[in-house]
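Everything below concerns the one structure shown next.
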Amino acid sequence: MAAPDLTKTDPGIGADAADKHAEEDLAGLEAGLDALESYERERKPFSRVLLEKVLPPVIAILLVLAVWQIAYSMEVKPRYALPSPQDVWDAFMVQWKKGTVFDILWTSLSRGILGFLIAVAIGTPLGLIVARVSWIRAAIGPILSGLQSLPSVAWVPPAVIWFGLNNSAIYAVVLLGAVPSIANGLVAGIDQIPPLYLRAGRVLGARGLNSVWHVMLPASLPGYVAGLKQGWAFSWRSLMAAELIAAGPELGSGLGQLMDQGRDLGDMPMMLTAVFMILIVGIGIEMLVFTPVERLVLRQRGLATSK
Amino acid sequence: MTQTISEATPTATTPVETGFAVRLDQVTKVFGRGRGTPVLDGIDLTVAPGEFVCLLGASGCGKSTLLNLIADLDRPTSGTIEVSGDRPALMFQDHALFPWLTAGKNIELALKLRGVPRDRRRAEADELLELVRLGGAHKKRVHELSGGMRQRVALARALAQAGDLLLMDEPFAALDAITRDVLHDELTRIWAETGRSVVFVTHNVREAVRLAQRVVLMSSRPGRIAREWTIDIPQPRRIESTGVSELSVEITDQLRGEIRRHGRA
């Protein structure tokens, strides 16, 4: 009884072993191919990053200050019109010692941020609808692009008449400036989605809202983030225009009002202080918020060039 | 997951006579408003469960269109298509993996859309990656993988779908010859292990003979089924073997004949 069993199983074991051998062969071959075609990207050392990314802008700023100082010394413009960098710094320190700098900054910044967030809440669904519903796109697509090129300062006088000299007027101007960029950014992002992703999504069973959430929105993210970045720039710009033109007791004092006050007093260092603070906030938000987000999005997709 | 794989193994080698994975009856497709030459004209094709069929043809024979119709990405102008079971999976020439997700998350998304509960997805995705021999690649981004690895992740994602039918639209056409050869071996192994039915579109005659149990040659404009070959060479075959070469010569001659007709017309 035992002998036939053995002869039956023997060839089976042999075949299994051969199979297993071929299997391991293929696995090894594949591991070799994978290893040949993958490579690790090395990280740049910190000192090189410092040298390549930090040094150039610092040199540029120093150059601008030097040219400014020379222009001041040569009196290219009268002293009251072109103060020295030192004068502007002193004017800033006067504000600083009064303890009003943070109040002024916060008044403007909180308006800018709140306005931007409302613009995101309106611009995002608007962009989605314009991108996906063809007759709505035909109807309001051109208007959205047109609004984007309209300087939002133009909205200040009508907004003041509609809403009065208060925050509502300011937010209206900010929204009219930022909503079109955010919506247009999303539309551009959705337009650039490779059709293959949408087809692949359909094959996987993503339809309707599932398709929007799992495929369309993440696929359009690079364009959307670019739109958000531009939307912030437009919010900030519109806000400054509105603050500068619409001054009133209800509006408190932001950076625009500081500038306006400087103009009333003929105080050039004060005006330049306001200009620099506006610039620094704009650059700061972009560098601290938008640039990292944009780089993260691009790097995840392997789109970031290793600059 | 492992269980379903091992349970299905027997059907892979011996296709069941009864039933079908997909059945096409007089399928015709005309683009535009129904005028002009049909892209596909009266296609009758039945693929048995667990069967591996290659659709072969020159450009313009409508083989990709046929896959789109079976995948329900487009509708036939007339005729019927019956797919048994769930929505078929479709692999493209381009991997079509989502670059905003990791390799593992791409597979998990397929599982999620199929309705697999959250706590089981990670484990199932890892098993599928293991199946295509990319066990450690769960956290890899798509751009970090080589072309061959991407297609294997795409295969794993396709296998994550519930459907028994796997449609492949020239999935290895963009790969280098060495990688393609290895992936042929892999696909044969995985097909045997999972027991899926496969409809594989290609214009590469040797590839078709290397992989398929049945090769279906299509003519162009209009796309019709010109001839069929059943291939008995045992798997795993080698693309360089005499058996594969001899049959490839025969099929290539037929294919050239089909192409020549267009020059005369």
Side-chain angles (χ1 to χ4, degrees), chain A residues 15 18-41 189 192-211 213-225 296-306, chain B residues 67-68 71-74 86-102 106-107 109-115 132-134 136-137 140-150 152 154 157-158 160-163 167 175-176 178-179 181-186 188-189 236:
Chain A
D19 265 8
K20 207 168 175 208
H21 186 67
E23 179 92 329
E24 275 166 11
D25 243 22
L26 183 57
L29 181 59
E30 202 145 21
L33 266 184
D34 292 349
L36 281 177
E37 294 191 15
S38 327
Y39 55 94
E40 293 285 319
R41 188 168 296 155
Q192 283 163 13
I193 299 176
L196 185 62
Y197 291 155
L198 299 175
R199 282 176 6 119
R202 281 189 63 187
V203 169
L204 294 176
R207 315 236 160 166
L209 272 183
N210 258 338
S211 167
W213 182 249
H214 289 296
V215 183
M216 209 178 289
L217 280 180
S220 67
L221 209 53
Y224 183 51
V225 171
L296 181 73
V297 165
L298 293 181
R299 186 175 290 169
Q300 278 184 345
R301 286 154 211 245
L303 295 172
T305 47
S306 48
Chain B
L67 280 199
N68 284 343
D72 197 25
L73 290 175
D74 202 355
D86 280 299
R87 184 199 333 277
L90 173 58
M91 254 182 91
F92 304 90
Q93 180 176 335
D94 190 289
H95 55 83
L97 295 170
F98 297 139
W100 56 91
L101 298 173
T102 61
N106 263 287
I107 300 170
L109 177 60
L111 293 168
K112 180 193 168 81
L113 290 169
R114 178 187 131 186
V132 296
R133 299 201 216 267
L134 283 171
K140 287 264 195 251
R141 292 270 161 193
V142 175
H143 67 94
E144 294 173 309
L145 303 171
S146 71
M149 292 157 96
R150 287 176 200 174
R152 274 144 67 202
R157 183 174 74 172
Q161 291 186 241
L167 307 169
L175 300 175
D176 66 273
I178 299 171
T179 306
D181 202 31
V182 171
L183 285 193
H184 286 158
D185 291 354
E186 278 298 330
T188 304
R189 175 183 67 85

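Order of the sequence lines sets the chain letters (A, B, ...), proteins ahead of strands, with each chain counted from 1.
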Identify the two heavy atoms, one from B:Ala110 and one from A:Leu204, that lie closest to each other, and give their separation to 0.1 Å. CB-CD2, 3.8 Å
Indicate yes or no: does A:Arg199 engage B:Asp74 in a salt bridge with an N to O separation below 4.0 Å. no
Non-hydrogen atoms of chain A under 4.5 Å away: do they reach the side chain of B:Val142, the backbone, both or neither? neither
Identify which part of A:Asp34 has an atom lying under 4.5 Å from any heavy atom of chain B, answering side chain, backbone, both or neither. both
Which heavy atom in A:Arg301 sits nearest to a heavy atom in B:His143, and how many Å separate them? C-CD2, 3.6 Å
Distance check, rounded to the nearest 0.5 Å: B:Ile178 atom CD1 versus A:Leu29 atom CG? 9.0 Å
Most chain B-contacting option - heavy-atom pairs closer than 4.5 Å, from A:Val215, A:Leu221, A:Asn210: A:Val215
Out of curiosity, A:Leu196 CG to B:Asp94 CG, how far, rounded to the nearest 0.5 Å? 5.5 Å
Interchain contact, A:Ala31 with chain B, by part (heavy-atom threshold 4.5 Å): neither
Heavy-atom contact with chain A under 4.5 Å, split by part of B:Asp86: neither
Given a strict heavy-atom distance threshold of 4.5 Å, which part of A:Val297 is in contact with chain B: side chain, backbone, both, or neither? neither
Residue pair A:His214 / B:Leu113: nearest heavy atoms and the distance that separates them: CD2-CD2, 4.2 Å
Go through the atoms of B:Leu109 and report whether side chain, backbone, both or neither lie under 4.5 Å from a heavy atom of chain A. side chain
Against chain A, label B:Ala89 side chain, backbone, both or neither, depending on which of its atoms sit under 4.5 Å from a heavy atom there. backbone
Please look at B:Asn106 and chain A and tell me whether the side chain, the backbone, both or neither of the residue comes under 4.5 angstrom of a heavy atom of that chain. neither
Taking every non-hydrogen atom, the tightest pair across A:Tyr197 and B:Phe98: O-CE2, 3.6 Å
Just give me the residue among B:Glu186, B:Arg189, B:Lys112 that pairs up with chain A most often, heavy atom to heavy atom, under 4.5 Å. B:Glu186
Could you go through the side-chain contact (heavy atoms from CB on, under 4.5 Å) check for A:Glu30 and B:Leu183 one step at a time? CA-CA 9 Å; A:Glu30 202 145 21; B:Leu183 285 193; 3.8 Å; yes
For B:Leu145, is it the side chain, the backbone, both, or neither that has a heavy atom closer than 4.5 Å to a heavy atom of chain A? neither
Between A:Ala200 and B:Arg157, the two heavy atoms sitting closest are CB-NH2, 3.9 Å
Specify the closest pair of heavy atoms between A:Arg207 and B:Arg87, including all atoms of both residues, with the distance to one decimal. NH2-NH1, 3.6 Å
Nearest 0.5 Å, what's the CD-OG1 distance between A:Gln300 and B:Thr102? 9.5 Å
Proximity breakdown for B:Leu134 and chain A, heavy-atom pairs closer than 4.5 Å: side chain
